[in-house]
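Since the structure comes first, as structure tokens, the remarks are kept for the end.
Throughout, a chain's letter reflects where its sequence line sits, starting with A, and its residues are numbered from 1.
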Amino acid sequence: MIAMSDIYDRVTELARRRGFIWPSSEIYGSVAGFIDYGPLGALMKRRIEDIWRDFYVIREGYYEIECPTVGVEPIYVASGHVKGFSDKMCQCLRCGEYLRADHAAAGAGVANAGVMPADELACVLRTVPCPSCGEELGDVKVFAFNLMFETSIGPGSQRKGYLRPETAQGIFTDFTRLLRFYRDRLPFGTVQVGKSYRNEISPRQGMIRLREFTQAEAEIFVHPDRKDHPRFDRYASYRVPLLGIEQQQSESAPVEVAMDEAVEKGIIANQYVAYYVALTHDLLVRIGVDGKRLRFRQHMPDERAHYATDCWDAEVLSGRFGWVELVGIADRTDYDLQAHSKASGTALTVFLPLETPRRERRRRIIPDMKALGPRFRGNAKAVADALSASEPGPDGARVTVNGETHLIPPSLYQVREEEVEVRGEEVMPHVIEPSYGIDRMCYAVLEHAYAEEMVEGEVRRVLRFPPPVAPVQAAVFPLVNRDGLDGRAGEIHRDLIGAGILAEYDDSGAIGRRYRRQDEVGTPFAITVDYTTMEDGTVTLRDRDTMAQVRVKREVLILLLRNLIKGTTAFSTLSP
RNA sequence: GCGAUAGUAGUCUAGUGGCAGGACAGAGGCUUCCCAAGCCUUUAGCCCGGGUUCGAAUCCCGGCUAUCGCACCA
């Protein structure tokens, strides 16, 4: 067993040396919060993303879209990121410490510091002591630090843009197009996998907190009153370790609960959230996260965003970082669609027809524009709108426009009682959002896959990736480089590549060294050509985890390897 | 961002002012009938920029990065 405090160092050292993860732009000096994926890291990340797509795009049927990483300012004004993502800060002139301006003021007993504009804060702070050095702050500048990267679009016009802080907004801004694509029905979902950016003040923790990172997000649009998942039975009896609000308050351990029970008992708000909690558990275990070091923690009421009704984080136990959030699953209600609808003036609703249209009596007020126009001039339209929405009395209707109340006599409008057919209703969907941090998942898989064991007095280092995640899928070796063994091994290597299997060929040094080299990068299977191969056409197939070997006929090798790599066949079921 | 500590080959490391050394890894070769064996050859390094000095990996200043603490983490 490896000491937990060491594992981060060992994993990152291996990842650096063998081409998984590198510091970015090293020759010019790296920048914190940015990493490069080397050849094997990029492959592994791609495989994890593709497994994610198997779950969400193929199985759930939520098609993937791709939006720009640069977005115009109004998107992020509407989403709340311009306001909510920025902190008012100031720098102490004496000690140079950067401070949250509102925190400093509040700490000195200033009321409403959190909602105070910058110039007022600066004023208040004059006499406030610096929490760091104790000196009065005096004439400090208060400036907004926004966690979004800013940019400008095009020359001259200087239209302001931001690098997206999450992929979700692109899906919301495409809502009407998507609704049409999905033929005006609920529920439907859309996913996006891509880069997002947050200009963290001080990123640490390697791959855990990055300034540029990859997200995989699904936005599932559901009827606000129908949060039962149509395929809930798939995960109804699936058991997941849950650390609910109750367990956190009593500081007790997570409890294993089946999803149907969790919804019935009200631990999880609805079937949709529960379904994606279970699906996420399924997915994370599939890519190589250790199920014993995985839990789902519910956000405490004061922790979750004000619009979310329920939120669960998939957390994974890291030797270095403790419990780390990999995935957030939230019911975002209609917060985003409301915000974008309001800001853009576009209706972001779904027209849902009733099964049987119902007839309704309605009273309609029809303003006489010919008379209203000359009388109210510029305000005529507003008055007419207010009139239509009013409840007229016998003496007329009272309407308030621009703070003025007018009495409109009955001669200026008609009241018509009519029976209308109501064919359906406009509904603003709620959004269920599972949001995955791909880079953190990659790190968690690396850390959980890393193992050291003693073999004949030597340390063997292995990355025990599940075969579908392993960057290199197979290796081919000649036992020795003579008597035609190397030529035969070369043929087999070409066969594998021709079959779409990513295989490496290695004939250097001793066979044991080659096995170890592949163990270290997690290659699950090795094929060795020996003298028996030359006699009867069989090869040795060696398993990374157990180092066990079986003899396999060359004709079935490719089919067998495909099944082993997919995970549909286990090596342990093969006879030696 | 502040404070402390550190930065020498791909990796780990020795080197307190005087020719930068080793181990492992890598490459080429020999050897080798299944798990980092052995032998020969070989590639490769003082984080960046200034300063002090006859002379700096070493001392000083600044920057960058990493680790820890603080702050930050919608």
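Here A:Y197 and A:Y162 keep their ring centres 6.0 angstrom or further from each other. Under the 6.0 Å cut-off for aromatic ring centres, A:Y515 and A:F477 qualify, their centroids lying closer than that.
Distance from the side chain of A:R16 is smallest to B:U11 among B:A71, B:U11, B:C68. For A:Q549, counting side-chain heavy atoms from C-beta on, the closest listed nucleotide (B:C33, B:G10, B:C34) is B:C34. Distances from the side chain of A:R551 to the nucleotides B:U32, B:C34, B:C68 place B:C34 closest. Ranking B:A27, B:C12, B:C34 by closeness to the A:T540 side chain, first place goes to B:C34. Considering only side-chain atoms of A:Y515, the nucleotide from B:U67, B:C35, B:G69 that sits closest is B:C35.
Taking the six-membered ring where the residue is Trp, A:F321 and A:Y443 present perpendicular rings, their angle passing 60° and hence far from 30°.
Of all nucleotides present, only B:C2 satisfies the Watson-Crick or G-U wobble test against B:G69, with each distance under 3.5 Å. Taking a pair to require two hydrogen-bonding distances under 3.5 Å in either a Watson-Crick or a G-U wobble arrangement, B:A57 remains unpaired. Summarising the base pairing, B:G62 is matched to B:C48 through a Watson-Crick or G-U wobble pair whose two defining distances lie under 3.5 Å. When both distances must be under 3.5 Å, the Watson-Crick or G-U wobble mate of B:G17 does not exist. Base-pair partner of B:G26: B:U42 (Watson-Crick or G-U wobble, both distances under 3.5 Å). With a cut-off of 3.5 Å on both pairing distances, B:A9 has no Watson-Crick or G-U wobble partner at all.
For B:C73, its base never sits under 3.5 Å from the side chain of A:E200 at any donor and acceptor pair. Judged by distance alone with a 3.5 Å cut-off, a donor-acceptor contact links the side chain of A:R542 to the base of B:C35. At a cut-off of 3.5 angstrom, counting only N and O atoms as typed in the model, there is no donor on one side facing an acceptor on the other between the side-chain of A:D530 and the base of B:C33. A donor and an acceptor atom sit less than 3.5 Å apart, one in the side chain of A:R209 and one in the base of B:C72.
Comparing A:R482 and A:P165, the nucleotide of RNA chain B nearest to each residue sits closer to the 5' end for A:R482. Two residues, A:V529 and A:S202, neighbour RNA chain B, and the one matched to the more 5' nucleotide by heavy-atom proximity is A:S202.
A donor-acceptor contact under 3.5 angstrom links the side chains of A:D310 and A:Q298, judged on distance only.
For the P atom pair drawn from B:U67 and B:U11, the interatomic distance equals 15 Å after rounding to whole Å. Between B:G3 and B:U8, the two C1' atoms lie 26 Å apart (nearest whole Å). Remark: the separation of the P atoms in B:A66 and B:G50 is 24 Å, to the nearest Å. Rounded to a whole angstrom, the distance from the P atom of B:G63 to that of B:A20 is 30 Å. For the P atom pair drawn from B:C47 and B:U42, the interatomic distance equals 27 Å after rounding to whole Å. Rounded to whole Å, the P atom of B:C40 lies 50 Å from the corresponding atom of B:A4. Comparing the C1' positions of B:C70 and B:U58 gives a spacing of 32 Å, expressed to the nearest Å. B:A9 and B:A44 have their P atoms separated by 14 Å, with the value rounded to a whole Å.
The existence of a salt bridge linking A:R211 and A:E200 is excluded, since no basic side-chain nitrogen approaches an acidic carboxylate oxygen closer than 4.0 Å. Classification of A:E13 and A:R461 as a salt-bridged pair holds, one side-chain N sitting under 4.0 Å from a carboxylate O. Using a 4.0 Å cut-off between a side-chain N of Lys or Arg and a carboxylate O of Asp or Glu, A:R516 and A:E458 do not qualify as a salt bridge. A salt bridge links A:R332 with A:E166: the distance from a Lys NZ or Arg NE/NH1/NH2 to an Asp or Glu carboxylate oxygen falls below 4.0 Å. Between A:E491 and A:R554, at least one side-chain N (NZ, or NE/NH1/NH2) sits under 4.0 Å from a carboxylate O, which counts as a salt bridge. Remark: A:D9 engages A:R320 in a salt bridge, criterion side-chain N to carboxylate O under 4.0 Å.
Scanning residues 430-441 of chain A for heavy-atom distances under 4.0 Å to RNA chain B yields an empty list. Listed by residue number, the members of residues 24-37 of chain A with any heavy atom below 4.0 angstrom from RNA chain B are A:G29, A:S30, A:V31, A:A32.
A:K342 NZ: 12 or fewer foreign heavy atoms inside a 6.0 Å radius. The local environment of CZ in A:R17 is crowded, with over 12 non-hydrogen atoms from other residues, nucleotides or ligands closer than 6.0 Å.
Taking the side chain as every heavy atom from C-beta outward, A:N199 and A:E150 never approach each other to under 4.5 Å.
Figure legend: A:R297 and A:W323 shown without cation-pi pairing, the cationic atom not lying both under 6.0 angstrom from the six-membered ring centre and within 45 degrees of its axis.
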Base versus backbone protein contacts along nucleotides 36-51 of chain B [heavy-atom cut-off under 4.0 Å; B, S, -]:
BS--------------
